[in-house]
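Okay, structure first, notes after.
A note on names: the letters A, B, ... follow the listed sequences, proteins ahead of strands, and every chain is numbered from 1.
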Amino acid sequence: MGKIPENIRYTRDHEWAALDAGAGLVTVGITQYAAEKLGDVVFVELPEVGTEVEADETYGSVESTKAVSDLFCPLAGKIEEVNDGLEDNPELVSEDPFDEGWLMKLSPRDIEDYSSLMSSEDYEAFTAGLENE
Amino acid sequence: MKRCAEATSGLLFREPLIFERSSPGREGYSVPTPTGRKRAAAIPGDYLRDSIPGMPEVAEPEVVRHFLRLSHWNFGVDVGMYPLGSCTMKYNPKVNEAVARLGGFTGIHPYMPVAWVQGALQLIYELERYLAEISGMRAVTLQPAAGAHGEFTGMAMIRKALTERGNPRTKVLIPDTAHGTNPASCRLNDYRIVQLRSTSEGVVDPEEVARRMDDETAAIMLTNPNTLGLFETHIEEIAEIVHEQGGFVFCDGANMNALLGRAKPGAMGIDVMQFNLHKTFSTPHGGGGPGSGPVGVAEVLEPYLPTPRIQATPDGFEFDSDRPLSIGRIKSFFGNFTIMVRAYAYIREMGPEGLRQASDMAVLNANYLRKRLGDSFNVAVDVPCMHEVVLDDRVLTKAGIKTMDLAKRLIDKGFHPPTVYFPLCVSGALMIEPTETESRETLDCFVDAMHEILDEARKPETVTSAPQVTGISRVDEVRAARQPVLKWSPRGAA
């Protein structure tokens, strides 16, 4: 696995969250690690804009040729935008998970929750631990 | 003498669609022309048509060969071992089929007067009681048309009961070792899902349940034994925690085939569970055919069972629809009746002793594979299992092949692949469920095939290009999923 972006946050469910403090929005996607484990993504199901979501609860799913996997929300908040491009090009999640393959943007209920997510070092240690289990 | 039936290549036909075989004017049937009174009673000429556009025009032998040739492409449990974990492809005894075809069962109609169908009602009534006895639940409904439909029915009853108490609540706890249909059944009942992580021992942790359980949580929905093939040892404690907060315990009973005659969910604090007749009680499975997903409930949920209920009265069996708290009808008529007949035949033929032995053998077979495969593969949680054993892909990754490669290569060896990449909490999972109906010789052949594939991985292209002896080799699953062709159009028309 290559380097992962350092200035954003991560979860144990292999999602990343990037805060745009100015806009008050957090962009969410799945990590390279998750994308590699999933294999070729063929379909992405995303929530409707305006949906209220809770931390750790499912907000959508990613389907690969192996399985359908739930997406777990890193933070509680309201969905403000979803990546419509994934409808026609779900492979973006596999090919560019940290950029073009982003999933949704939410306005967090409590911005403090963001800093309680894993740092890139913590996440790297976490995934390394999974591989050596 | 080699005991394994060795898979080899055979004569298969690349069969055009029956529509593409059509030849104008060719007929495969002859319908008598009505005469006399019959003619007068026949459909008036205005309503008759001369031709049905698009119907294939073929002769009888062409039709017979077409479908028989297509059937040769198929692999079923009557052909070979089908260790599809969690889906339980066990052999379906042929006597079930004979019983289900009895004229008294096939010749009846749901609109017949109750007095004419007493035998059918008795069978439903008794099968409900057998399932209640086997599971320790208070009452059972046979209406749901499949396991997932049973899950939906159970969650609908929970929602109704909580609504009666004043608050339907908003969430359901589901462990990561649950069946994939569980979250869907909750969503359809308007519940949000909270996922519970299993412990490194592969079971649900009561402390985690206690942390997540609150007065907005309607239920926990867990599968026991779970999809790692492990018995949820803390089930009673978990049920207590959930009940204390006014929630319900739903047990996905899909894996009941491991417990027959050994343990009763009703004694574990379970409020509602579904059965999958195809899994546990040897009715046919797959191919989109009719299923059956009976639901058993504890006393607290009995008033909410779907109507009509069948009652035994001194005058015979009757329908009872006067149940004010019922969630109502959830299936047209009474469920998939001939599937019930097969399950009834199985239970009556096996008897209590036979059913217990079936579960014992299913568990023994799974553990036999766990021990024999555990030498060279990595068992996800290597403790005594129930009906199925789950391997991860650690050994495969080192050997340079993927779970999917091994699964495809097993086809070349004459075995249907196990369930792959499920449960999701195991990396590259191979979920193997041999069932009680495989002999030790067959299990040994399967183990040999698994070991052979691991050896072959030294020249990985043999494995990565599998299957080879089949009519069609590895298909492009990514393209099939991204650009599906869902509709056939006549040549030149599209």
Practice problem: Name the region of Phe43(A), side chain, backbone, both or neither, that has any atom closer than 4.5 Å to a heavy atom of chain B. | Solution: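 Phe43(A) has no heavy atom closer than 4.5 Å to chain B.
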If I measure from the heavy atoms of chain A, does [X] come under 4.5 Å with its side chain, its backbone, both, or neither?
X: Lys171(B); value: side chain
X: Leu424(B); value: side chain
X: Thr397(B); value: neither

Quiz item: If you check every heavy atom in residues 54-66 of chain A against those of chain B, which residues fall under 4.5 Å?
Solution: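 Counting heavy atoms that sit under 4.5 Å from chain B, the residues of residues 54-66 of chain A involved are Glu54(A), Asp56(A), Glu57(A), Thr58(A), Thr65(A), Lys66(A).
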Self-check item: Shortest non-hydrogen contact from Asp40(A) toward Val478(B)
Solution: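 Answer, listing the atom of Asp40(A) first, then Val478(B): OD2-CG2, 3.2 Å.
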Quiz item: Would the number of heavy atoms belonging to other residues, nucleotides or ligands and lying under 6.0 Å from CD of Glu112(A) be above 12?
Solution: no
Quiz item: Once you round to the nearest 0.5 Å, how far does CG of Asp88(A) lie from CZ of Arg482(B)?
Solution: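 Nearest 0.5 Å value for the CG-CZ distance: 12.0 Å.
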Self-check item: CG on Asp393(B) to NZ on Lys37(A), rounded to 0.5 Å
Solution: 6.0 Å
Quiz item: Taking non-hydrogen atoms and a cut-off under 4.5 angstrom, which of residues 196-227 of chain B neighbour chain A?
Solution: Arg197(B), Arg212(B)
